[in-house]
Amino acid sequence: MTTRMPAGTLFIVATPIGNLADLSPRALETLRSVAAICAEDTRHSGQLLSHFGVDKPLLALHEHNEDALAQRIVSRLLAGESLALVSDAGTPLVSDPGYRVVRAARAAGVKVSPVPGACAAIAALSVAGLPSDRFAFEGFLPAKAAARRERLQRLAGETRTLVFYESSHRIAESLADMRAAFGDDRPAVLARELTKLFETVLDGTLAGLHARVEADDNQRKGEFVVVVQGAGDDAEAQLAEGLRVHAILGQHLPPSTAAKLAAEITGAPRKALYARGGSG
Ligand code: SAM
C-alpha cells in the first residue's frame, strides 16, 4: 500500500517596496519555513533574504520561463514541499510575474496562501486623498507613445480613480499625455519613492504636477505611482466619451459629421464636441 504525502502550500509573500522594516513577521516566518523560494531576480532577493538571515535555495522565476518552472514547482508541492514566491518588491503578481505559477498550482489542487504586505499602488492610494471607494489599477502604460495615448484616451471617461505605475524614464511624457487625454485641471497625486529616504507625495492638477516634474530634475528620479481622480460627474464623463468617439470617427469623416454622429452615439453636446474635438 502506498501512502501519499499531503501536498505542500505555495505561499505568495509580499516583500517591502523600499523600507525593509515593512517585511511582516509572518512573511519572515514563512520564508524561514519553506523548502525553497521562487524569486523574480535571485540576486536581488538573495540580498533581502541574507539581510534577514534567511538561507534557502532560490529558484529563478522570469516571464519567459514561468510555464516550465510552474510544472517543476507543482511537482515539488505535490511531493509535500511547501514553497514561497516573492517578487523584487511589494506584492507578487501585481505588475510582476507569478500568475501562471499560481494558476498551475491551483489547477493541481494545491493550496495557495497569501502572506500580504506592501503594495505601491495601495500605499499611494492610501495617502492620495482622492476617492478610494472605487478605483481601477492600470499598472504600466504602453511604452510606445501612440499606444500610450490611445490607452489614455480610452480611459478619459472612466469615473473610478485611476492608479498607474511609472518609471523615471517616462514620468514626464506620461504626465504630458495624461494632461492631453484627461484635461489640465484633472486632480492627481504623484507618489514617488514611497517608504524610502526621498519619499515625496505631490498633489494638484495634472498640469501643475507636470510642470513640477519638468522644472525639477529630482522630481523625475525614482519610482512613481500616479493616482488620477476619475472623470467627475456624468456630464464630464459623457463629454470625455464623446471626445473619444469623435476622435475615432474624425479619422474617417468630416469634423461636422464626426461631431454629429459622436453626439448621437454618446449623448454629449454636439457643439462642445465640434469645438473641443477640432478636426479629430
Ligand atoms: N509588485 C509591486 C507592488 O506591489 O507594488 C510593483 C512591481 S512593478 C514591477 C514596479 C513599479 O511599482 C515601479 O515602477 C513603480 O511604478 C511602483 N513602485 C514600486 N515601489 C515603489 C515605491 N517605493 N514608490 C513608488 N512607486 C513604487
Side-chain angles (χ1 to χ4, degrees), residues 10-24 26-27 30-31 37-45 47-49 51 60-66 84-102 112 114-130 132 135-143 148 151-152 155 161-175 177-178 188-203 206 209-210 212-213 216 218-228:
L10 175 62
F11 293 100
I12 307 301
V13 181
T15 56
I17 57 169
N19 190 325
L20 294 183
D22 290 337
L23 188 79
S24 76
R26 192 162 83 87
T30 304
L31 293 170
I37 299 168
C38 313
E40 190 186 356
D41 177 338
T42 50
R43 208 169 57 96
H44 179 94
S45 295
Q47 283 169 0
L48 176 84
L49 295 168
H51 174 87
L61 168 72
H62 310 293
E63 299 278 0
H64 63 267
N65 79 347
E66 232 191 289
L85 188 152
V86 299
S87 63
D88 283 358
T91 301
L93 282 80
V94 178
S95 289
D96 271 339
Y99 95 87
R100 289 186 183 84
V101 172
V102 169
V112 183
V115 182
C119 174
I122 301 300
L125 195 65
S126 75
V127 294
L130 293 175
S132 55
F135 64 91
F137 175 65
E138 282 291 322
F140 289 101
L141 285 164
R148 184 169 62 240
R151 172 81 52 87
L152 289 170
L155 290 168
T161 293
L162 295 163
V163 183
F164 299 94
Y165 280 166
E166 198 46 275
S167 70
S168 54
H169 316 296
R170 267 196 297 274
I171 187 65
E173 280 172 69
S174 286
L175 285 172
D177 289 341
M178 286 179 193
V189 168
L190 195 57
R192 184 173 76 92
E193 294 287 89
L194 293 173
T195 77
K196 301 188 205 174
L197 187 59
F198 295 108
E199 176 180 287
T200 318
V201 180
L202 301 176
D203 60 40
L206 281 173
L209 293 174
H210 181 223
R212 290 279 297 267
V213 164
D216 181 354
N218 286 327
Q219 293 303 332
R220 288 198 293 276
K221 290 184 185 149
E223 300 190 283
F224 298 85
V225 182
V226 186
V227 188
V228 183

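Counting convention: from 1, in listed order, for ligands and their atoms alike. Worth saying up front: this structure is predicted, and the values here are computed from it rather than measured.
- Of all the heavy atoms of Glu166, the ones lying under 4.0 Å from any atom of ligand 1 belong exclusively to the backbone.
- Looking only at protein heavy atoms, the nearest one to atom 14 (O) of ligand 1 is Phe140 CZ, 3.3 Å.
- Atom CG of Leu206 is separated from atom NE2 of His210 by 10.0 Å, given to the nearest 0.5 angstrom.
- By the 4.5 Å heavy-atom criterion applied to side chains, Thr91 and Asp96 are not counted as neighbours.
- Under 4.0 Å from ligand 1, not a single heavy atom of Ala123 appears.
- Not a single heavy atom of Phe164 sits under 4.0 Å from any atom of ligand 1.
- For CZ of Arg212, the number of neighbouring non-hydrogen atoms (other residues, nucleotides, ligands) closer than 6.0 Å is 12 at most.
- Only the backbone of Phe224 comes within 4.0 Å of ligand 1, counting heavy atoms alone; no side-chain atom from C-beta on gets that close.
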Go through the steps to decide whether Leu85 and Phe11 satisfy the test side-chain contact (heavy atoms from CB on, under 4.5 Å), and finish with yes or no. CA-CA 6 Å; Leu85 188 152; Phe11 293 100; over 6 Å; no

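- Two rings, from Phe224 and Phe164, have their centers 6.0 Å or more apart.
- Contact of the Val94 side chain with the Ser87 side chain is not registered, since no non-hydrogen atoms from C-beta on lie closer than 4.5 Å.
- Residue Ile171 holds its CD1 atom at 5.0 Å from CD of Glu166, rounded to the nearest 0.5 Å.
- At the top of the distance list for atom 26 (N) of ligand 1, counting protein heavy atoms only, stands Val225 CG2, 3.5 Å.
- Atom 3 (C) of ligand 1 has its closest protein heavy atom at Tyr165 OH, 3.5 Å.
- The shortest N or O to N or O distance between Thr91 and ligand 1 is under 3.5 Å.
- When the shell of 6.0 Å around CZ of Phe198 is examined, it contains 12 or fewer heavy atoms from other residues, nucleotides or ligands.
- At least one N or O atom of Val94, backbone or side chain, sits closer than 3.5 Å to an N or O atom of ligand 1.
- Atoms of ligand 1 found under 4.0 Å from any heavy atom of Lys196, numbered from 1 in the order shown, are 23 (N).
- Looking from atom 18 (N) of ligand 1 to the surrounding protein, the closest heavy atom is Ala120 CB, 3.4 Å.
- Heavy atoms from both the backbone and the side chain of Leu194 come within less than 4.0 Å of ligand 1.
- For Thr195, no nitrogen or oxygen atom sits less than 3.5 Å from a nitrogen or oxygen atom of ligand 1, counting backbone and side chain alike.
- Residue, atom and distance of the protein heavy atom nearest to atom 20 (N) of ligand 1 are Glu223 OE1, 3.3 Å.
- Residue-ligand proximity: Ala191 is placed with a non-hydrogen atom under 4.0 Å from ligand 1.
- With a 4.0 Å cut-off on non-hydrogen atoms, Ser167 does not touch ligand 1 at all.
- Which parts of ligand 1 touch Gly90 is read off a 4.0 Å heavy-atom cut-off, strictly below it: atoms 3 (C), 4 (O).
- Scanning the protein heavy atoms around atom 7 (C) of ligand 1, the nearest turns out to be Asp96 OD2, 3.4 Å.
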Mind running side-chain contact (heavy atoms from CB on, under 4.5 Å) on Val86 and Glu40 for me, showing each step along the way? CA-CA 7 Å; Val86 299; Glu40 190 186 356; over 6 Å; no

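- Polar contact check, Ala89 against ligand 1: a nitrogen or oxygen pair lies under 3.5 Å apart.
- Using a 4.0 Å cut-off to heavy atoms of Glu193, the atoms of ligand 1 that qualify are 23 (N), 24 (N), 25 (C).
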Where do Leu141 and Met178 land on the side-chain contact (heavy atoms from CB on, under 4.5 Å) test, with the steps shown first? CA-CA 11 Å; Leu141 285 164; Met178 286 179 193; 3.9 Å; yes

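- A heavy-atom distance below 4.5 Å is found between the side chains of Glu223 and Glu193.
- Taking CD of Gln219 as the reference point, atom CG of Leu190 lies at 7.0 Å (rounded to 0.5 Å).
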